[in-house]
Amino acid sequence: MTEPHFDANIDRSHMTVSDEVAIQIENMNKWYGQFHVLRDIDLTVQRGERIVIAGPSGSGKSTLIRCINRLEEHQAGKIVVDGIELTNDLKNIDKIRREVGMVFQHFNLFPHLTILENLTLAPIWVRKTPKKEAIETAMHFLEKVKIPEQADKYPGQLSGGQQQRVAIARSLCMKPRIMLFDEPTSALDPEMIKEVLDTMIELAEEGMTMLCVTHEMGFAQAVANRVIFMADGQIVEQNNPHDFFNNPQSERTKQFLSQILGH
Amino acid sequence: MTEPHFDANIDRSHMTVSDEVAIQIENMNKWYGQFHVLRDIDLTVQRGERIVIAGPSGSGKSTLIRCINRLEEHQAGKIVVDGIELTNDLKNIDKIRREVGMVFQHFNLFPHLTILENLTLAPIWVRKTPKKEAIETAMHFLEKVKIPEQADKYPGQLSGGQQQRVAIARSLCMKPRIMLFDEPTSALDPEMIKEVLDTMIELAEEGMTMLCVTHEMGFAQAVANRVIFMADGQIVEQNNPHDFFNNPQSERTKQFLSQILGH
Amino acid sequence: MSDTHAQSVAYVRDTMLDPKPAPASQSGAIQWLRENLFSGWLNTLLTILGILAIYGFFSHFYAWFLHGVWNANSLAECRQIITTEYGDGATGACWGVIRDRWHQFIFGFYPPELYWRPILTFLLLFAAVGPVLFQWVPRKLIWFTPIYPFLAVWLLWGGSIWGPVLVALGFVLAFVVFNYVARFGTIGGFAAGAIVAILFWLFGVSPLAGVLHAIIPLGIEPVESAKFGGFLLAITLGAGGIAMSLPLGVILALGRQSDMFLIRTFSVIFIEFIRGVPLITLLFVASLLLNYFLPPGTNFDIILRVMILVTMFAAAYIAEVIRGGLAALPRGQYEAADALGLDYWKAQRLIILPQALKISIPGIVSTFIGMFKDTTLVAFVGLFDPLKGIPDFIRADFAWKGIYWEPFIFVGAIFFILNFAMSRYSMYLENRLKRDHR
Amino acid sequence: ATLDDVKSRGELICGVNTGLVGFAAPDANGNWSGFDVAICQAVAAAVLGDASKVKYVPTTGQTRFTALGSGEVDLLARNTTWTFSRDTDLKLQFTATNYYDGQGFMVRKDSGVTSAKELDGASVCIQTGTTTELNLADYFKANNMSYQPITVDSNAEGEQQFLAGACDAYTTDASGLAATRAAFANPSDYVILPEIISKEPLAPAVRQGDDQWTDIVRWTVFALIAAEEYGVTSANIDELAKGTDNPEVNRLLGTEGDLGAMIGLDKTWAVNAIKANGNYGEIFAATIGEQTPIGLARGLNAQWTQGGLMYAPPFR
Amino acid sequence: MTTAHDAPESQGFRLSQLIYDTRYRSLTIQVVVFFIVMAFVGWLVDNTIQNLSALGKDFNFSFLSQRAGYDIGNAIIPYNNDMTHGRALLVGLINTLWISFLGCVAATILGIFVGVLRLSKNWLVGRLMTVYVEVFRNIPLLLWILVAIALLTEAAPSPNAYKINPTTGEASASMLFDSIAFTNRYTAIPSIHFDRSLGSLDTALAPISLNFLAIVLVLIASIWVNKRVLASAAKIQEATGVRPTTWWKSALILIVPMLALLIALGFNPDEPVLQGFNFKNGTNVSNSFVPLWLGLTLYTAAFIAEIVRAGILAISKGQTEAAYALGLRPNRTMNLVILPQALRVIIPPLISQYLNLTKNSSLAIAVGYLELRGTLGGITLNQTGRELEAISLMMLIYLAISLSISGAMNVYNNRVKLKER
Ligand SMILES: Nc1ncnc2c1ncn2[C@@H]1O[C@H](COP(=O)(O)OP(=O)(O)OP(=O)(O)O)[C@@H](O)[C@H]1O
Ligand SMILES: Nc1ncnc2c1ncn2[C@@H]1O[C@H](COP(=O)(O)OP(=O)(O)OP(=O)(O)O)[C@@H](O)[C@H]1O
Ligand SMILES: [Mg+2]
Ligand SMILES: [Mg+2]
């Protein structure tokens, strides 16, 4: 796979990680029917931390981050996001979803709304922001992802890379404190991957707490505080990117890395 | 983009270019509705010449080579192929299409026919070759593209690279004197690009007149007599590959090359 | 366990966990019931309503079905039996009418000693469409498909074999002429082939058939169309209409796709006209007007006339189905054919149509289901369709006067079984095509 | 000409009702029988010498005239009323009245209605496409009554609706009412009201403009009527055909003169016609007469000698 | 540069160009096809003329202005047998449109209901709806109409049955909600009655009830006011972000004026009452109408249910998830995200079902409901013997209806088409 090269030596001193806990997962388990997808997951994410999750297909990466904003229900263990525990209480779920933004592999923009309407929909209806303000915020973030001129087009009229940047902006408009990314670049043509990753790097530099499922190892090296490797529904290894890539411990990790970086 | 590396120093002495003219394009213009796609194109291709056409997307490369076998009609100027002028006369068009083979980006094999039937269809129905002879020729070319064992499979059962090689063989079965290629490798996975380019190089070595739209610069350097750079429907620069890559003259070319070879 | 401190997070799992079974609340029959039937007050309410509906239905009809009588020769006898067996006021189905008249529901007035002919025709139908519809039927059998229509006509209507043979010969003749002339131009080939065939059919067939029949009298007992009725009529009309409408539909679809203005316009006018009026009006055209349009003195039976209009009707719908198939083909197929030097007709015949028709098969099957249902409307032009014509006729008999539900149920069930099977099959085909398509 | 067509075809195509017991209805095996069917068979016998050479085309009220006009049938023997506009505007040729009918009403006995004048506000079932529809409108208008028409497509449907009580009265030709009532499970629960609100002379019809064919059908019907008058029956016809002392009978049966040739038929045309199902009286008795379930009295259809209207012109 | 220019430069026009030159070729073919088609049409017309003259008939529509002479049981506009065939045609046409309209409305409601229930998580209900859809789709419509009429005429009680039996003190049949009675002759439903009626306005076509007009006007006015209220709520939401609750305002605006008007007019439904042999006071909907309407509704609803289901399924799960992830509640997600998209998928096939229903209404022939086919294509045709004129006119009218419906559909499709690159 083509890999845009990022300078691994950029100055990351201004990226701060606080001691506050953003997400705390304890002994979490999930089944699909009889299939045990997530097994005894324990994970603590500090505020401002940037975590990359990698692992073979079917290892449960997507399921894990979808549990964090309750797109999937977990059956055992505890997930606490931003101090709120995820239970069946609808109010808690609403609160958490407001604080957690999510970006999908297939963008999932609303095709019947313009870009601007996509961006202002949730602020207006969920956060009850006045429309003018919502539009201002939306334009702000559109500028940030470098496509303010597309505001009045429809998603279908944009390229994949542009759509994914809009999707990121849409999440940001809700001013989330945590962002989840589920393979945001894997449905994109190579030329477009870089523009999306650039946007994500910028976000990281601003200190957003990020959990990102991705196979873009250049990105991982550039911005992650920590790389988590999952297999068979378990966290098999985690480490800082430098050590993770240069000195993987587990056999599974080594094998996976050799495949991914292989050619 | 991953680039298979070809030895640019292979012995090309046996590749000959005759003085005879294969294609002559004079002052040719084409519009799509009001949109001026091709502007004052002048191009002469000698028999045995191998030309690579490059340029940014939308610059009219595909349109140019599609004009040569009249898949598109031009509106002004003159195109003479193999001594026959392309006019509205169906007979001329038929003659030219028999002499000119074409390979598409998306292979365009006929999915309801076996590989062998794909290869013998046109010889039997257009050239009126006896079936037995057509099959012999087909097998000959299948061996040449190194997949004789797939003769009885259907296109859907082959990999992309194999399909593209079949498509080349299909064109060759019509014993064309000129071959056109429209980005033959751009729909292929990186591993398969090389096998197709190898086939094309072999063809080139046999002295086939070739026009090839491609961004595979390694290929261009390896086999082209001439590289043509198009932008905005015009031929902006042409030169032999060595000078073209190492010493581009126009600003557009430089910019384009930096993008393509860039990362 | 992971250290909460971000800077020293390194962690490696030494033993992999095995999957554990899901907690009890996540599995089992109770879980299934809870999830599928009682997962909320709305759901529970719906379940109860559903059960009530089923109960209501069965409690109403259970007794009626249970008291069904097969062995009776008239409605009165039926009622008699039911009353003696189940007491006064008991109701019951009188299936005796089905036992007594099933042959009329199925065959109409076809001579009973010749039932083997429609049955054979029906069975052979599967052999004919098998190679097209079913993957496991050997492709080689496809030679039978073009022969079948002529064979079917001969088997159903009987008479001398030479008529159908000579009509088929007309096609062969057209093909030979076409092949010869097509060297000079495909269109010319078509024209010449068509002219020769039409001349042959108009002036060659009947005298030749007479002569041949005199020399070699091969024939079976003729059966006139007036004897056709019931499902035999419905299937003959439906299948015949679809089969004959296919070529016309292909031509119309190509016409509608053509970039020649006049040809496109004619095709669109025809298709939209036919699709814009109810079938019943077309049937009236068949029964009331067609004779006006034909040369004075031409006269053929109503089934044939209905068949012509039904064919036109089906052709308009088939044309739209095939147009969908043509549109689904990538442009690259047309271009590749052009680039290889194939002309329009060869490209259509060898590349485009085989693929487009294959994609269209599910749509054609659906059209057939619709047609098959619509054949019941022929009752309104005096034909004996299985739904109204035949039951009305049976009710005209003193013995079965006043019997409604049993014929409805019987005929409805046959329609349902045939159509349901076909619609399932076409769904299966659709899925298979989706998978096959790369 | 139609005669040549029929001869070369070897078969008479006869347009009949889709199913009206007594007049024309197929039995369980699809064989047709009835009063109208007998006329078809008589014509076939006269023309072709074989009463079985008939093909029956069931026609609805809608399709019958077109079927005749377009040549789909040679003869329309389907209780069709002879009216001015049909004769002229529809370009039909009515041959000879074979049944004098009139439109009546049938009601349930327990409704207590005894006269059509009491039907004000009633729902009336009526077949579409018939003259009865117009008569009905006229009758209620003339008597300053209102009614609710319930249109049905066929006699079978009318029966069904009437039996189920969807209409208070069913109206059609009195003969049809009788035939319908006869088919009911309890005929005595229903009464046919005394009022006859229209004249309905029913006659076989042919296309206008083929006088020879018109003559053939017309005189075949007359032959049946005359046969009854002169006492020629299917039982004694073979005997009488050898010659009698009544010259009229002799001319009719072809033993004297050659009337057949004048209409392009054999000498024995009338013999064949009468042999097919007997004379008019025999046919009547066998299909709709008082001994049959239909149970119609001769009434107007008796011979003129018996006070009826059946009156065949002289055969000479 | 060598010029390989030995192609013969031919000037002028050669005949062979007609066939081989792409510019003329299509022209040639079109001209030939045009002549063939015209010759064919001419042949048909010529035959028709010959046949007509052989029969001594002509082709004219003057019969439309002649007295019809027959009655129509269920005319919506005033009609009696002294009016012309043209008027009868109009009555039939209006009946066709009326039954189609009512059929479409009922089929849509039932279809949406079944389609949504079929998607429900309830296993039992899902299965029941599947059975409904499959049974109705795979059996001819004619059967359902015949079953419906048989049900009404055979199984429904006669009006008599609603009479209270003096000995037992109760009736053998009871009315639905005390106001609807199915009988074997008609279905008696309440009619609308105004004590202080405004009278009616006579127009050439039909008298228009002023009461009805007033109701429509009030309805339009209150809908308009309601729209204004919603718009102002949207404005407030834009400004402050909080949307004021409007449902009670809407309810007031929609209900109060209408109620006031109805009271002013002295509205009261006239319940059907059994008087003598029949129900009086109410409206008796004839048994030729109800089965046709039932059959059309049940049959078409099965198809509509499938369309609705497919439309909702066509909106990918990703859309719901994205909306949830943004914090939208399920009902908002449905209103703002799913429905607007699903409607685009649903409406085109829905309209073609409407078209089918309209065409299928010609099956009224089976129950004797006199719509266009029953009047123009039935009795008129029969009484006048003008089959050529009547049938072609009837087909043209159906065609006009179809084309206007599908024209409306195209306009709609173009309006809502998703913008693509
Ligand atoms: N809704 C579901 N029902 C049942 N099984 C599911 C469902 N969603 C996912 N799975 C299964 O759970 C496992 C984990 O899925 P998940 O999508 O989390 O993997 P992943 O690591 O994200 O893989 P990929 O890299 O392919 O996205 C897979 O085996 C998958 O088949
Ligand atoms: N059929 C058509 N109708 C109208 N415009 C067209 C058509 N085909 C191509 N174009 C336009 O003509 C221009 C040239 O197209 P062409 O396909 O020749 O470019 P290209 O150089 O081959 O680009 P690419 O590298 O993307 O294949 C583009 O702007 C394209 O949008
Ligand atoms: Mg995943
Ligand atoms: Mg291109």
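Naming convention: chains lettered A, B, ... in sequence-line order (proteins, then strands); numbering from 1 in each chain.
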Open item on the list: I'd like to check the side-chain contact (heavy atoms from CB on, under 4.5 Å) partners of C:Ser360; sequence neighbours left out, ordered by chain and number.
Closed with: C:Val321, C:Ile322, C:Ile364
- [ ] For residues A:Ile235 and C:Arg13, report the shortest heavy-atom separation together with the two atoms involved.
- [x]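 Heavy-atom minimum between the residues: O-NE, 3.0 Å.
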Task: Closest non-hydrogen atom pair, A:Arg39 against C:Leu17 - done: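 A:Arg39 and C:Leu17 have their closest heavy atoms at NH1-O, 2.9 Å.
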Task: A:Asp232 portion near chain C, given a 4.5 angstrom heavy-atom threshold - done: side chain
Open item on the list: Can you confirm whether C:Met16 sits close enough to A:Val236 that some side-chain heavy atom of one is under 4.5 Å from a side-chain heavy atom of the other?
Closed with: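 Side-chain contact under 4.5 Å: yes.
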Open item on the list: Are A:Asp40 and C:Lys20 packed together at the side-chain level, in the sense that at least one heavy-atom pair is separated by less than 4.5 angstrom?
Closed with: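 They are in side-chain contact.
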Open item on the list: Surrounding OH of A:Tyr32 (heavy atoms of other residues, nucleotides or ligands, distance under 6.0 Å), is the total greater than 12?
Closed with: yes
TODO: Flag yes if more than 12 heavy atoms outside A:Lys78 fall under 6.0 Å of its NZ atom; otherwise flag no.
DONE: no
Task: OH-CG distance between C:Tyr11 and A:Asp42, expressed to the nearest 0.5 angstrom - done: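 If I round to the nearest 0.5 Å, the distance is 7.5 Å.
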TODO: Enumerate the residue pairs fulfilling side-chain hydrogen bond (donor to acceptor under 3.5 Å, both in side chains) with a member in residues 255-272 of chain C, sequence neighbours excluded, ordered by first and then second residue.
DONE: C:Arg256-C:Glu272, C:Arg256-C:Glu320
